[in-house]
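Owing to the predicted nature of the structure, the values given are computational and were not obtained by experimental measurement. Just follow the structure's listing: the first ligand is 1, and inside any ligand the first atom is 1.
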Amino acid sequence: MYDDRLPVTLAEAERRLWMHLLPKVLEKVPLHEAHGRILGEDIIADRDVPAFDRAAVDGFALRSEDIQGASSQQPVELKVIGTVGAGYVPEKPLSSGEALRIMTGAKIPEGADLVYMVEKTELVEKNGALYVRITRPIEAGKDIALTGSDMARGSVLLPAGRRIMAGEMAVLATFGFAEVSVVRSPRIGIAATGNEVVPVDQPLADGHIHDSNSPMLWSLATSLGLKAHRYEVFPDRLDTLVRRIEQVLADDEVDVLLTTGGVSVGDFDYMLRVYEALGAEVLFNRLAFRPGQPTSVARLGGKMLFGLSGNPGASYVGFHLLVRPYVLRSMGVQAEEARLPHAQATLTEAMTRPSTLPKYIRAELTASGDRLLVRPAGSDRSSLVSTIYRSNALALIPAGEGLAAGSVVDVYYTDGPRH
Ligand code: AMP
Ligand code: MG
């Protein structure tokens with residue numbers, strides 16, 4: 001059966017997955033609940049920001065022509081006609097020979113064409129009136145934030161599909177979005193399979209292991225802002241697997257079901273037979289890269305079944321390379337952002353083991369001066385759990401004889417860079 005399985009490259013796996021994206025459902029949420037969510041529609045500036053010419057510093061609004069000849073020998077003194085604070089508007093236009101004391105953010109009076117920083121001026125009193133003394137000319141426009149200079153009316157500020165973080169929150173608030181249209185998270189179901197696999201809250205008998213895949217996948221999904229539901233561990237029994245997966249789909253509890261285990265060639269690996277029994281359309285059942293070669297994906301009733309390999313390292317990589325882009329693309333995220341962030345880095349250790357397939361190894365990426373350095377997080381065996389927490393990236397090692405230290409490789413961030 002395994003020999004019938006035609007391996008697909010990552011590009012081909014993506015192509016097949018992206019032909020069947022989930023429908024995008026939008027919902028409105030209050031701004032403060034929009035943090036971390038995916039924007040549902042383009043945000044277009046419906047007005048200029050700033051909406052009026054405003055002072056960029058505390059100082060004096062005045063007319064540049066009035067101070068053209070100012071010098072320390074011949075200072076110009078302008079009559080201070082009042083004060084305007086942020087939130088207030090000047091009462092009247094400014095005439096020649098006058099200055100208006102103005103605070104950062106306040107509207108520039110008509111007639112003024114610059115703001116002179118308060119620190120560079122001196123106040124003098126003459127006959128009960130206040131004058132500001134200027135000893136150097138400056139050009140028109142200085143320290144005025146012009147209408148629309150931050151964000152111009154009509155421009156697309158944020159495209160649909162963008163994740164709402166601090167900067168996006170600030171833009172949305174600036175334009176008065178008390179409510180934001182965001183994409184509803186697809187519902188992700190997670191079920192580990194395996195007769196040896198025991199939930200974390202149950203004791204281990206001899207030969208058993210705790211299920212580490214479900215908590216790990218749940219964490220990955222949650223970090224992406226997805227709603228994930230964990231099922232019990234399913235046993236390696238064809239009839240039970242068929243019944244439980246059928247039930248989960250029939251109850252319409254999830255849009256995407258991630259299972260781990262049972263996709264390989266062992267005597268108790270039933271997942272492909274489950275897909276067959278359910279009448280699911282198999283998109284692919286073998287990958288042309290490591291880890292997780294037997295990873296399989298099937299589609300049934302508009303829902304996607306990801307059969308990740310049970311090996312922790314393989315299900316981890318499978319999530320990052322297949323599940324993550326699929327779900328994010330479904331939510332309208334652009335392909336480049338749906339995939340892991342990509343860079344190139346210099347390998348600091350030789351990779352001596354030859355491989356007939358490209359490998360995405362768990363790796364540690366560090367920034368050193370202006371270079372990115374990468375090294376394997378440990379052995380690249382997919383059964384290891386420790387290389388997951390030691391890694392913050394995947395490094396792509398091409399098929400072949402291995403690579404010498406100093407080679408430049410493609411790396412994909414699974415986490416922030418470490419310094
Ligand atoms: P399988 O893909 O079912 O052949 O499993 C491959 C390896 O991964 C076996 O050594 C399993 O014991 C292990 N494994 C399977 N499921 C899990 C799980 N949920 N958590 C940790 N290890 C697992
Ligand atoms: Mg198994």
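At a heavy-atom cutoff of 4.0 Å, ligand 1 is contacted by no atom of Val385, backbone or side chain. Contacts between Ser212 and ligand 1 below 4.0 angstrom, taking non-hydrogen atoms only, involve backbone and side chain alike. At a heavy-atom cutoff of 4.0 Å, ligand 1 is contacted by the side chain of Ile209 but not by its backbone. At a heavy-atom cutoff of 4.0 Å, ligand 1 is contacted by both the backbone and the side chain of Asn311.
Atom CD of Glu110 has 12 or fewer neighbouring heavy atoms from other residues, nucleotides or ligands inside a 6.0 Å radius.
The protein non-hydrogen atom at the shortest distance from atom 19 (N) of ligand 1 is Asp211 OD1, 2.8 Å. Of all protein heavy atoms, the one closest to atom 9 (C) of ligand 1 is Glu196 OE2, 4.0 Å.
Ring geometry for Phe268 versus Tyr270: interplanar angle over 60°, hence perpendicular rather than tilted (30 to 60°).
Side-chain atoms of Thr147 and Asp48 include no donor-acceptor pair closer than 3.5 Å. Between the side chains of Asn285 and Ser296, no donor N or O sits under 3.5 Å from an acceptor N or O.
For Phe319 and Phe306, the ring centers sit 6.0 Å or farther from each other.
Just one of Asp239, Thr193, Leu305, Val242 meets the side-chain contact (heavy atoms from CB on, under 4.5 Å) condition when paired with Val274; it is Val242.
Of the listed residues (Gly310, Pro215, Gly292, Gly266), the one carrying the non-hydrogen atom nearest atom 8 (O) of ligand 1 is Gly310. Distances from atom 4 (O) of ligand 1 to the heavy atoms of Asn213, Thr259, Val233, Asp269 show the closest one on Asp269.
For Gly262, a nitrogen or oxygen atom sits less than 3.5 Å from a nitrogen or oxygen atom of ligand 1, counting backbone and side chain alike.
The two atoms that bring Ala338 and Val333 nearest to each other are N-CG1, 3.7 Å, heavy atoms only.
Near Ala192, the atoms of ligand 1 lying under 4.0 angstrom from a non-hydrogen atom of the residue are 19 (N).
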